[in-house]
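Below you'll find the structure, written out as structure tokens, and then a few comments.
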Amino acid sequence: MESLLSQYNLKGHEIKNRVVMPPMEFLVRETRNGLVNDGHLLHYGARAKGGVGLIIVEATSIHPNSRSIDSQLGAWSDEHIPGLTRLAAECHAYGAKVLLQLQHLGVKMKADSNHDVYGPSAYDENDVQARAMTLEELHELQDAYVQAVLRAYQAGFDGVEFHGAHGYLLNQFSSPIVNQRQDLYGGSLDNRLRFIREIISRVQTAVSESFILGYRMGCNEPTLEQGIEIAVKLEAMGVDLLHVSSSGYSAERPEIPDDFMYNWTVYGGSQIKQNVNVPVIVVYEIKTPERANDIVEQGLADFTAIGRDLIVDPEWVHKAMKQEEIRYCIRCQPCVIFSGMKCVML
Ligand SMILES: Cc1cc2nc3c(=O)[nH]c(=O)nc-3n(C[C@H](O)[C@H](O)[C@H](O)COP(=O)(O)O)c2cc1C
């Protein structure tokens, strides 16, 4: 039977257990221009050393105009490659596999006199009126994604995770609520997924067979049925790993059967797992090794992501193995609020 400590072979990568460190940004500050610093090496190195099987490095910007705060990591320039190389090597040194999460904020970009705020369609978010991007801008952003993937590849990452959840650009494209485009990139679901499909097909020809293409999505997009449909289409376009979280644009939450022991996000992931062949990561309030192990044993998902509890105790995995007491996060929330995750987590 599979358990939390079982290995998983993904595209030739032996992932030593089913514990994933999900992307969590802004925990290391004092960096400028998107560059990795020693703080990142210490932060990720400690979790890799603590036994995590797969680390997904925090939301990393693919474009200099799309930055939540000054200290957000970047992959928009070749200048980022040496730091990213050190970061991937630090995780590998302790036997963890590592993906880089790629993000563009789209309509959530900060208003700035140096650039316009735009997304798939005109949209008013946080009192900032975003305009619809032109087709030329859309293609420029696709290029920026492709270049960012290639930089992660060059830096020695085992793959990337496209951030398509929590309301950022890829989520804006897939969402029928935000995406009102009348051209080939809006309308039907296939059209709304064209932006990412074209990026993936360009990347596939440029990286090796073993490079992992992950995608973080909302299960409620806007309903679970449509989330499942999106997952199936992502698999068909070549996504190797699905990380199921929540949408930034849907208040709908799947109804959980009475005998389901976990929350709606995990439930959504478990339903997506039943409809795809690629591995699925579930996340949110999993917290303890007992719960994580049960999820894997029951086959609800292939991987369990442990977020805030890994921030508090980098040795979570080793302690789980030795059945030692783990120091848990007390959910005091400042990290959630500062990270901008309040909308999907509180
Ligand atoms: C401080 C902080 C930063 C986060 N940053 C990101 C991020 O960069 N990308 C992302 O997809 N999710 C981000 N998240 C969400 C986490 O990946 C995860 O989904 C969330 O913490 C729920 O898991 P947990 O209950 O185990 O903490 C962040 C969460 C926190 C607390």
Side-chain angles (χ1 to χ4, degrees), residues 4 18-29 31 34 39-40 43-44 47 52 54-62 66-69 71-75 87 98-106 108 148 160-172 174 214-221 241-248 262-269 280-292 295 301 303-314 316-317 320 326-346:
L4 190 62
R18 307 306 180 86
V19 183
V20 174
M21 176 180 179
M24 288 178 289
E25 58 189 343
F26 310 149
L27 297 168
V28 179
R29 315 265 172 85
T31 184
H40 296 104
H43 175 67
Y44 288 102
R47 276 85 198 161
V52 172
L54 177 65
I55 290 179
I56 308 177
V57 169
E58 67 203 72
T60 299
S61 174
I62 60 135
S66 164
R67 294 155 76 184
S68 324
I69 58 169
S71 58
Q72 181 170 11
L73 280 185
L87 184 51
V98 60
L99 310 184
L100 184 66
Q101 188 185 57
L102 298 178
Q103 182 208 46
H104 189 285
L105 300 168
K108 289 179 183 287
V160 291
E161 177 177 91
F162 293 103
H163 196 347
H166 307 165
Y168 300 112
L169 183 70
L170 298 176
N171 190 179
Q172 294 157 25
S174 63
Y215 191 96
R216 193 168 214 200
M217 60 172 292
C219 60
N220 52 337
E221 201 54 277
L241 177 64
L242 286 168
H243 188 173
V244 181
S245 183
S246 48
S247 165
Y262 303 97
N263 57 48
W264 65 271
T265 316
V266 175
Y267 178 69
V280 170
I281 307 172
V282 289
V283 67
Y284 198 40
E285 294 288 2
I286 296 174
K287 207 172 170 84
T288 70
E290 291 74 23
R291 286 160 61 86
I295 287 170
F303 292 95
T304 52
I306 305 296
R308 287 162 289 172
D309 299 289
L310 260 174
I311 300 177
V312 174
D313 199 337
W316 191 101
V317 177
I326 291 171
R327 204 150 38 97
Y328 288 109
C329 164
I330 58 165
R331 305 312 195 232
C332 63
Q333 301 300 8
C335 71
V336 172
I337 292 163
F338 187 76
S339 70
M341 294 300 301
K342 196 170 119 214
C343 55
V344 287
M345 286 175 64
L346 295 183

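Each ligand, and each atom within it, is numbered from 1 in the order the structure gives.
Taking 4.0 Å as the cut-off, Y284 counts as a neighbour of ligand 1 on heavy-atom distance. Residue contacts with ligand 1 leave out I286, since none of its heavy atoms falls under 4.0 Å from the ligand.
Under a 4.0 Å criterion applied to the non-hydrogen atoms of P22, ligand 1 contributes the atoms 17 (O). Interface atoms of ligand 1 facing H166, defined by a heavy-atom separation under 4.0 Å, are 10 (C), 11 (O), 12 (N). Applying the 4.0 Å criterion to heavy atoms of E285 picks out, from ligand 1, the atoms 24 (P), 25 (O). Interface atoms of ligand 1 facing A59, defined by a heavy-atom separation under 4.0 Å, are 8 (O).
What sits closest to atom 9 (N) of ligand 1 on the protein, heavy atoms only, is Q101 OE1, 2.8 Å. Atom 21 (O) of ligand 1 has M345 CE, 3.4 Å as its closest protein atom, hydrogens excluded (heavy atom only). Atom 1 (C) of ligand 1 has as its closest protein heavy atom C335 O, 3.5 Å. Counting only heavy atoms of the protein, atom 19 (O) of ligand 1 lies nearest to R216 NH2, 2.9 Å. Looking only at protein heavy atoms, the nearest one to atom 28 (C) of ligand 1 is M341 CG, 3.5 Å. Remark: minimum distance from atom 5 (N) of ligand 1 to any protein heavy atom is reached at E25 N, 2.9 Å. When hydrogens are left out, the protein atom nearest atom 26 (O) of ligand 1 is G307 N, 2.8 Å; that is the closest non-hydrogen contact. The protein atom (non-hydrogen) at minimum distance from atom 16 (C) of ligand 1 is P23 O, 3.6 Å.
Judged by the 6.0 Å distance and 45° axis criteria, R29 is positioned over the aromatic ring of F338.
Contact record, I286 with R291: O-NE, 2.9 Å, taken as the closest heavy-atom pair.
Using a 30° and 60° split on the angle between ring planes, H163 and H166 fall in the perpendicular class, above 60°.
Of the N or O atoms in R308, one or more lie within a sub-3.5 Å distance of an N or O in ligand 1. At least one N or O atom of H163, backbone or side chain, sits closer than 3.5 Å to an N or O atom of ligand 1.
Looking only at atom types and distance, the side chain of Q103 has a donor-acceptor partner in the side chain of Q72 under 3.5 Å away. For S247 and E221, the side-chain atoms include at least one donor-acceptor pair closer than 3.5 Å.
Paired with M24 under the rule side-chain contact (heavy atoms from CB on, under 4.5 Å), one option of V336, I311, V57 passes, and it is I311.
Looking only at distances, no side-chain donor or acceptor of K108 sits under 3.5 Å from a matching main-chain atom of S68. Side chain of S66 to backbone of S61: no donor-acceptor contact under 3.5 angstrom is found. With R47 contributing its side chain and L310 its backbone, the two residues share a donor-acceptor pair below 3.5 Å.
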Decide side-chain contact (heavy atoms from CB on, under 4.5 Å) for R216 and I56; before the verdict, give the C-alpha distance in whole Å, the side-chain angles of both, and the deciding distance to 0.1 Å. CA-CA 11 Å; R216 193 168 214 200; I56 308 177; over 6 Å; no
